[in-house]
Amino acid sequence: MEKKRGLLIGRMQPVHNGHIQVIKETLKDVDEIIIGIGSAQLSHTLKDPFTAGERVMMLTQALSENSIKHRHYYIIPMEDIQLNAVWPAHVKMMTPPFSKVFTGNPLVDRLFREEGYDVTRPPLFNREELSGTEVRYRMLHDENWESLVPQATVDIVSEVDGIQRLKDLSKKEVSDLKKRE
Ligand SMILES: Nc1ncnc2c1ncn2[C@@H]1O[C@H](COP(=O)(O)OP(=O)(O)OP(=O)(O)O)[C@@H](O)[C@H]1O
Ligand SMILES: NC(=O)c1ccc[n+]([C@@H]2O[C@H](COP(=O)(O)O)[C@@H](O)[C@H]2O)c1
């Protein structure tokens, strides 16, 4: 029987518990989920601190921690392109065939819907706390971020000295702003 595949794409800066929950939910609907690591070319900024490789590690280990089997997912880093209108074709070229798209991002929703895909907006879990923005804020301000992410993210952030990276980036961005004053 033909497999039903879905796409979920996100920057995952970093991987948090909301991502794991939504992956588990989508796997109730499809046989295989293609997880696109978005803006793969970006790293070392306050909004996008981690490299695509680091995000792949976080996700692979987090899925294993959650006993999600390899046969149920693909993890594919995706670089951004300048042309929104052809972006779905670019994504299609880089992934196994899929029929459904899961996204909370209105632009992603719009672009795939215009190409005729079945697009679903999965529910957001505990969005007050489970967002990359909140996790990065807490990392910078020495607040409890560890409870919002899988153990894999904690381990990899420690391995790559991620908290210090964010703090150094924050000093750099403040000093860049001061230069403009
Ligand atoms: N709390 C959540 N519950 C369910 N799904 C989520 C949650 N957070 C993110 N997602 C899903 O993951 C996709 C991509 O997430 P993304 O990496 O942009 O996370 P984010 O937390 O919104 O990041 P940021 O705050 O850095 O913009 C979203 O489109 C959404 O479908
Ligand atoms: N033209 C493009 O390259 C294009 C268009 C829409 C979304 N995207 C990417 O899709 C991802 C969507 O994820 P977020 O919901 O985390 O923003 C982002 O990495 C975003 O840059 C890229």
Side-chain angles (χ1 to χ4, degrees), residues 6-30 33-60 62-63 66 68 73-95 98 100-115 117-141 143 145-150 152-153 156-157 162-163 165-166 169-170 173:
L7 172 79
L8 173 77
I9 188 158
R11 295 178 4 268
M12 313 211 182
Q13 289 283 10
V15 173
H16 58 65
N17 292 335
H19 296 128
I20 304 305
Q21 289 228 42
V22 78
I23 290 166
K24 284 185 177 165
E25 278 304 304
T26 55
L27 278 172
K28 292 179 186 164
D29 186 10
V30 293
I33 182 85
I34 300 155
I35 310 164
I37 306 270
S39 303
Q41 80 282 9
L42 298 182
S43 71
H44 295 82
T45 67
L46 280 180
K47 188 174 173 216
D48 292 282
F50 301 108
T51 67
E54 289 161 354
R55 290 175 274 159
V56 168
M57 278 204 295
M58 289 173 192
L59 193 54
T60 311
L63 294 177
N66 282 273
I68 299 172
Y73 64 85
Y74 302 85
I75 300 176
I76 305 188
M78 311 257 195
E79 291 183 22
D80 294 326
I81 60 166
Q82 294 291 328
L83 311 164
N84 279 339
V86 296
W87 182 66
H90 170 76
V91 171
K92 208 174 140 197
M93 181 184 79
M94 305 291 286
T95 56
F98 57 92
K100 278 198 86 159
V101 177
F102 301 96
T103 185
N105 179 315
L107 175 62
V108 174
D109 183 325
R110 182 79 221 158
L111 294 176
F112 276 103
R113 209 176 280 273
E114 285 186 12
E115 294 304 312
Y117 282 89
D118 173 0
V119 182
T120 303
R121 290 204 183 191
L124 292 169
F125 304 101
N126 183 14
R127 188 62 177 164
E128 310 276 279
E129 291 192 303
L130 294 182
S131 78
T133 305
E134 176 68 18
V135 176
R136 294 190 301 278
Y137 178 90
R138 291 192 187 189
M139 285 173 160
L140 255 180
H141 295 90
E143 291 175 21
W145 58 273
E146 291 93 336
S147 62
L148 308 183
V149 303
T153 298
I156 284 144
V157 169
I163 303 298
R165 181 188 296 174
L166 264 170
L169 291 168
S170 136
E173 291 191 17

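Both ligands and their constituent atoms are indexed starting at 1 by order of listing.
Taking every non-hydrogen atom of Leu107 and a distance limit under 4.0 Å, the qualifying atoms of ligand 2 come out as 6 (C). Atoms of ligand 2 lying under 4.0 Å from any heavy atom of Ser39, numbered from 1 in the order shown and given with element: 18 (C), 19 (O), 20 (C), 21 (O).
Atom 8 (N) of ligand 2 has Trp87 CZ2, 3.4 Å as its closest protein atom, hydrogens excluded (heavy atom only). When only non-hydrogen protein atoms are considered, atom 13 (O) of ligand 2 lies nearest to Gly10 CA, 3.5 Å. Protein heavy atom nearest atom 16 (O) of ligand 2, with residue, atom name and distance: Arg11 N, 3.0 Å. Protein heavy atom at the shortest distance from atom 5 (C) of ligand 2 is Asn84 OD1, 3.3 Å. Ranking the protein heavy atoms by distance from atom 3 (O) of ligand 2 puts Ile81 N, 2.8 Å first.
Checked options Asp29, Leu7, Asp109; the residue passing with Phe102 is Asp29 (criterion: side-chain contact (heavy atoms from CB on, under 4.5 Å)).
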Criterion side-chain contact (heavy atoms from CB on, under 4.5 Å) on Ile163 and Val157, from CA distance to verdict:
CA-CA 7 Å; Ile163 303 298; Val157 169; 3.9 Å; yes
Check against side-chain contact (heavy atoms from CB on, under 4.5 Å), Gln13 and Arg136
CA-CA 8 Å; Gln13 289 283 10; Arg136 294 190 301 278; 3.8 Å; yes
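Residue Asp80 touches ligand 2 through backbone and side chain together, judged by heavy-atom distances below 4.0 Å.
At a threshold of 4.0 Å, the pair Glu129-Arg138 counts as salt-bridged, since one of the basic side-chain nitrogens sits closer than that to a carboxylate oxygen.
A distance of 11.5 Å separates CD1 in Ile35 from OH in Tyr74, rounded to the nearest 0.5 Å. Going from atom CG of Leu111 over to atom NE2 of His90 covers 12.5 Å, rounded to the nearest 0.5 Å.
Side chain of Thr26 to backbone of Val22: a donor-acceptor contact under 3.5 angstrom is found. Judged by distance alone, the side chain of Arg113 and the main-chain N or O of Asp118 form no donor-acceptor pair under 3.5 Å. At least one donor-acceptor pair closer than 3.5 Å links the side chain of His141 to the backbone N or O of Tyr137.
Residues Met78 and Thr95 are in side-chain contact: their nearest non-hydrogen atoms beyond the backbone lie under 4.5 Å apart.
Inclusion of Asn105 in the set of residues having an N or O under 3.5 Å from an N or O of ligand 2 is warranted. Residue Met12 has no nitrogen or oxygen atom sitting less than 3.5 Å from a nitrogen or oxygen atom of ligand 2, judged on distance alone.
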Quick check on ligand 1: any N or O pairs to the protein under 3.5 Å? One line per pair.
residue	atom	partner	partner atom	Å
ligand 1	1 (N)	Phe125	O	2.8
ligand 1	1 (N)	Leu130	O	2.9
ligand 1	3 (N)	Phe125	N	2.8
ligand 1	8 (N)	Arg127	NH1	2.9
ligand 1	15 (O)	His19	NE2	3.3
ligand 1	17 (O)	Arg11	N	3.2
ligand 1	17 (O)	Met12	N	2.9
ligand 1	17 (O)	His19	NE2	3.1
ligand 1	19 (O)	His19	NE2	3.2
ligand 1	21 (O)	His16	NE2	2.8
ligand 1	21 (O)	Arg127	NH1	3.2
ligand 1	21 (O)	Gly132	N	2.7
ligand 1	22 (O)	Arg127	NH1	3.3
ligand 1	22 (O)	Arg127	NH2	2.7
ligand 1	25 (O)	Gly132	N	3.3
ligand 1	25 (O)	Thr133	N	2.9
ligand 1	25 (O)	Thr133	OG1	2.5
ligand 1	26 (O)	Arg11	NH1	3.4
ligand 1	26 (O)	Arg11	NH2	3.1
ligand 1	26 (O)	Arg136	NH1	2.7
ligand 1	26 (O)	Arg136	NH2	3.2
ligand 1	27 (O)	Arg11	NH1	3.0
ligand 1	29 (O)	Gly104	N	2.9
ligand 1	31 (O)	Gly104	N	3.3

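Around the CZ atom of Arg121, the shell of radius 6.0 Å holds more than 12 heavy atoms that belong to other residues, nucleotides or ligands.
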